[in-house]
Number of protein chains: 2
Amino acid sequence: MGRPKAIDADLTREGIIDAAIRILNEEGLDALSLARIANALNVKTPALYWYFKSKAELYTYVADALFRGVLKGIDPSLTGRDLLWTFGLASRANQRTTRDAAKLISIAGVSEEIRTELVPALLDRIAKEMTPIQARKALTAIQALTLGWSVFEANPATSEVMRRSNDDGDAAYREALSHLVYGEIHREP
Amino acid sequence: MGRPKAIDADLTREGIIDAAIRILNEEGLDALSLARIANALNVKTPALYWYFKSKAELYTYVADALFRGVLKGIDPSLTGRDLLWTFGLASRANQRTTRDAAKLISIAGVSEEIRTELVPALLDRIAKEMTPIQARKALTAIQALTLGWSVFEANPATSEVMRRSNDDGDAAYREALSHLVYGEIHREP
DNA sequence: ACCTGAACACCGTTCAAGT
DNA sequence: ACCTGAACACCGTTCAAGT
């Protein structure tokens with residue numbers, strides 16, 4: 001009856017990130033310490049430093065994984081404003097699903113691949129219907145609105161106020177998003 | 001030539017908050033520890049616990065002070081959408097001026113007075129031109145956009161990307177804000 | 001009433017040492 | 001190549017003790 005050594009021992013970047021996301025979601029950002037992650041993986045804290053050079057870098061790759069998760073749920077044939085709309089909803093859904101995801105994104109860095117590959121690719125798809133400048137402005141605005149909305153919602157003091165104007169279908173958020181996405185296209189109701 | 005005892009000694013809540021804001025602005029959120037604040041006030045760390053019951057409460061009142069600073073700069077005769085517009089710009093200006101203000105707001109709580117007095121008063125002024133529900137939705141959206149925008153901007157990795165579409169006059173932010181404030185009023189250009 | 005000294009548990013990080 | 005043990009400086013918080 002030896003200890004299950006081989007199973008618990010093989011640490012990987014992906015395994016560490018998965019454990020981090022699980023802890024983030026179940027216990028919140030305050031609980032997301034290196035010691036807590038290491039403990040969940042049956043390993044000592046310094047072991048994590050072989051895979052990540054700092055806690056900041058680990059956080060960056062947690063945010064990276066969350067972002068990829070959002071993109072994976074989006075129909076690859078979408079472009080332009082429809083893509084903006086769907087991206088906003090998917091980001092929002094992810095931040096509503098994973099506790100403290102928005103808080104983590106607020107303080108985490110952005111990985112090389114996201115900055116140099118995924119975001120440019122996303123911008124190209126958006127720019128099928130508008131200029132590159134417009135695409136960049138719109139994407140920035142949507143990310144800002146979504147992140148800020150989730151951050152406010154995570155705050156116990158403000159969330160009560162927000163719920164008074166935002167039903168379970170997230171109508172208020174969707175309304176604000178539509179103003180940013182479809183902006184000048186809209187008419188008076 | 002005695003030490004200036006009487007001056008350095010009289011600690012107040014306001015003095016602590018002022019010191020905290022100065023450190024936040026000059027050294028960033030990571031440096032905003034109780035030890036650092038106490039040191040700036042020539043006092044030991046536990047002394048702060050006589051004025052605030054925790055670091056979280058202190059942060060709440062720092063955010064409180066920042067919010068009041070924003071309100072102070074707004075013409076009290078403004079109402080409705082013009083108030084929304086001015087409030088957005090004032091919040092944004094404050095978050096651009098004070099380093100890491102947006103990050104602090106992201107993690108800080110909301111004080112009683114802000115939640116029960118200042119925000120309701122603000123909503124009343126906004127609701128002169130629209131329904132209370134619309135006022136609440138609009139204020140939430142504007143706070144979310146502004147906070148999220150500043151958070152993204154504070155991130156070294158994303159700020160470079162953002163600057164490519166946002167000039168010094170903050171045009172991209174203002175454009176997004178106008179979509180939220182004036183929404184359905186707008187026509188196609 | 002107001003502040004300190006000392007102690008506590010915890011944190012991120014480094015590094016020599018083991019395998 | 002991969003992980004541990006031990007140590008470091010720092011953190012928030014508590015509390016008896018001083019004035």
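Hydrogens, waters and symmetry mates play no part in the numbers below; they use all other heavy atoms, side chains included. Order of the sequence lines fixes the chain letters, A, B, ..., with proteins taken first and strands second; residue numbering starts at 1 for each chain.
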Non-hydrogen atoms of [X] and [Y] that approach each other most closely:
X: Val62(A); Y: Ile17(A); result: CA-CG2, 4.2 Å
X: Leu32(B); Y: Lys55(B); result: O-CE, 3.9 Å
X: Gly28(B); Y: Asp100(B); result: CA-OD2, 3.3 Å
X: Leu147(B); Y: Gln95(B); result: CA-OE1, 3.7 Å

Could you tell me the separation between the [atom1] atom of [X] and the [atom2] atom of [N], rounded to a whole number of Å?
X: Asp10(A); N: dA1(D); atom1: CG; atom2: P; value: 18 Å
X: Ile37(A); N: dC10(C); atom1: CD1; atom2: P; value: 17 Å
X: Asn39(B); N: dC10(D); atom1: CG; atom2: P; value: 12 Å
X: Phe52(B); N: dC2(C); atom1: CZ; atom2: P; value: 14 Å
X: Glu27(B); N: dC10(D); atom1: CD; atom2: P; value: 14 Å
X: Tyr51(B); N: dC3(C); atom1: OH; atom2: C1'; value: 8 Å
X: Leu11(B); N: dC3(C); atom1: CG; atom2: P; value: 5 Å
X: Asn42(A); N: dT4(D); atom1: CG; atom2: C1'; value: 14 Å

Fill in: Nearest to side-chain heavy atoms of Trp50(A), which nucleotide of dT4(D), dT4(C), dC2(D)
dC2(D)
Discussion item. Is the shortest side-chain heavy-atom distance between Asp170(B) and Leu89(B) below 4.5 Å?
Written reply: no
Worksheet item: How is the base pairing of DNA chain C summarised as a dot-bracket string, given the Watson-Crick and G-U wobble criteria with both distances under 3.5 Å, [ ] for crossing and | for another strand?
Response: ||.|||||...|||||.||
Item to complete: Evaluate the ring planes of Tyr182(A) and Trp85(A), with Trp represented by its six-membered ring, and classify them as parallel (under 30°), tilted (30 to 60°) or perpendicular (over 60°).
Response: tilted
Dump the pairs, protein N or O against N or O of nucleotides 12-16 of chain C, anything under 3.5 Å, distances to one decimal.
| residue | atom | partner | partner atom | Å |
| --- | --- | --- | --- | --- |
| dG12(C) | OP1 | Leu34(A) | N | 3.4 |
| dG12(C) | OP1 | Lys55(A) | NZ | 3.2 |
| dG12(C) | OP2 | Leu34(A) | N | 3.1 |
| dT13(C) | OP2 | Tyr49(A) | OH | 2.7 |
| dT13(C) | OP2 | Lys55(A) | N | 2.8 |
| dT13(C) | O5' | Tyr49(A) | OH | 3.0 |

Discussion item. Applying salt bridge (charged side-chain N to carboxylate O under 4.0 Å, His left out), can you list everything that pairs with Glu27(A), at least two apart in sequence or on another chain?
Written reply: Arg36(A)
Discussion item. Atom CG of residue position Asp30(B) - does it have more than 12 heavy atoms of other residues, nucleotides or ligands inside 6.0 Å?
Written reply: no
Discussion item. Given 3.5 Å as the limit, does a donor-acceptor pair link the side chain of Arg92(B) with the main chain of Thr146(B), or not?
Written reply: no
